[in-house]
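First the structure, in the form of structure tokens, and then the observations on it.
Chain naming here is simple, since letters A, B, ... match the order of the sequence lines and numbering starts at 1 in each. Quick note: numbers below take in every heavy atom, side chains included, and nothing from hydrogens, waters or symmetry partners.
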Number of protein chains: 2
Amino acid sequence: MTGLLADRLCAAGYRLTAARSATIRVLESGDPHLSPAEVLERGRAFHPALSRATVYRTLELLTSLGLLRPLYGGEDGVRFACVADGHHHLICLKCGAAIHFDRCGLDDGMEHDLEQQFGFEVKSHMLELYGLCADCRRALPEEK
Amino acid sequence: MTGLLADRLCAAGYRLTAARSATIRVLESGDPHLSPAEVLERGRAFHPALSRATVYRTLELLTSLGLLRPLYGGEDGVRFACVADGHHHLICLKCGAAIHFDRCGLDDGMEHDLEQQFGFEVKSHMLELYGLCADCRRALPEEK
DNA sequence: GTACGTGCAAAGGTTTTGCATGGCG
DNA sequence: CGCCATGCAAAACCTTTGCACGTAC
């Protein structure tokens, strides 16, 4: 339990309430790709009164702080990923599976170069690679 | 006019119809981050009868071929980006501006390593860096 | 000529909003 | 104690789906 999201939230001047705390606990507990509905369902384990509207508001707030990122998954709508310290996925174009990997091939000097070139202040990043996962590669040749 | 999207579509065995052609022309004409509504509006310049449903169907089709990628933009919902040959953005967390840059710091051996490790076949990729654009950095200190 | 693709319009689900209440700081 | 945040429920929105017709190949 690092409390990274909570820390950043407070540092930005927002209150750490029961609803937000529950939402954050869900986001930091394992599964890195959750839909708003899943966050609501799991969040109610920590704070039964949690409302759908508050989940949406909290997700938007964390996104605006650069801590979360909304992704379009394979088929089931939006999912949010924590990108506080960079996030890297392999995404299967067929089944929508998102595989997380740690290694980031990013050139370390790159962020600095971009800040120089565009005056852009980089806070986090995400790298996605698209293709076919092992299971779908196996399945494809068979189906006709 | 490269016709890259059209070529790939046909190569995959799909028909190149007037509706699809119009949609593709919009996607290949400049602006790399379009919402479905914008695609519809601009597409009707080429094919007035173009329907909203067909735009959605075509966007989904191109996405499943790994040519497009749905992104959640700053505030206005989904936008689609062409990732046929890799795409790299700086995204402003405040105003939602998406700045394209060419340089990709990706380690060239990385794709191959991931194929070895996960059995994943990489077809395209996208790199997003989140932060504040030059304009918003200037504006922030002023507004209280 | 045939199977695929389209347009229309209605259905479905998710996301957003307003307002009175509650609780953090 | 004041203001921020919440919960509820309704409203708004975007997206998807069914079906009969048109058309690419």
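- Residues from residues 60-67 of chain A that place a heavy atom under 4.0 Å from any atom of DNA chain D: there are none.
- Residues V122(B) and I99(A) share a hydrophobic cluster, clusters being chains of Ile/Leu/Val/Met/Phe/Trp/Tyr side chains in contact below 4.5 Å.
- Under 3.5 Å, the side chains of H33(A) and H100(A) contain no donor-acceptor pair of N or O atoms.
- For the pair L40(A) CG and dT6(D) C1', the interatomic distance rounds to 13 Å; values are reported in whole Å.
- Taking a 6.0 Å sphere around CZ of F46(B), one finds it holds more than 12 heavy atoms contributed by other residues, nucleotides or ligands.
- Taking atom CZ on R44(B) and atom C1' on dC8(C), their separation rounds to 11 Å, with Å as the unit.
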Pairs under 3.5 Å (N/O, protein and nucleotides 19-25 of chain D):
unit_1	atom_1	unit_2	atom_2	d
dC25(D)	OP1	L16(B)	N	3.4

- Item | Stepwise side chain to side chain contact (heavy atoms under 4.5 Å, CB included) test for H89(A) and L71(A) | CA-CA 11 Å; H89(A) 309 89; L71(A) 305 175; 4.1 Å; yes
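- For R20(B), counting side-chain heavy atoms from C-beta on, the closest listed nucleotide (dG7(D), dT15(D), dT6(C)) is dT6(C).
- Nearest heavy atom pair, residue L65(A) against residue A12(A), reads CD2-CB, 3.9 Å.
- Note on S51(B): every side-chain N or O is 4.0 Å or more away from OP1 and OP2 of dT6(C).
- Residue R44(A) qualifies as enclosed at atom CZ: its count of foreign heavy atoms under 6.0 Å is above 12.
- Smallest separation of non-hydrogen atoms from A22(A) and G43(A): CB-O, 3.8 Å.
- Whole-Å rounding puts the L50(B) CG to dT6(C) P distance at 9 Å.
- Around atom OH of Y14(B), no more than 12 heavy atoms belonging to other residues, nucleotides or ligands sit under 6.0 Å away.
- The shortest non-hydrogen separation linking L5(B) to E28(B) is N-OE2, 3.1 Å.
- In this structure, L59(A) atom CG and dT16(C) atom C1' are separated by 13 Å, rounded to whole Å.
- At dG7(D), one or more side-chain N or O atoms of H47(A) fall inside 4.0 Å of OP1 or OP2 (strictly under the cut-off).
- Base engagement by A53(A) is indicated by at least one non-hydrogen atom pair under 4.0 Å involving a base atom.
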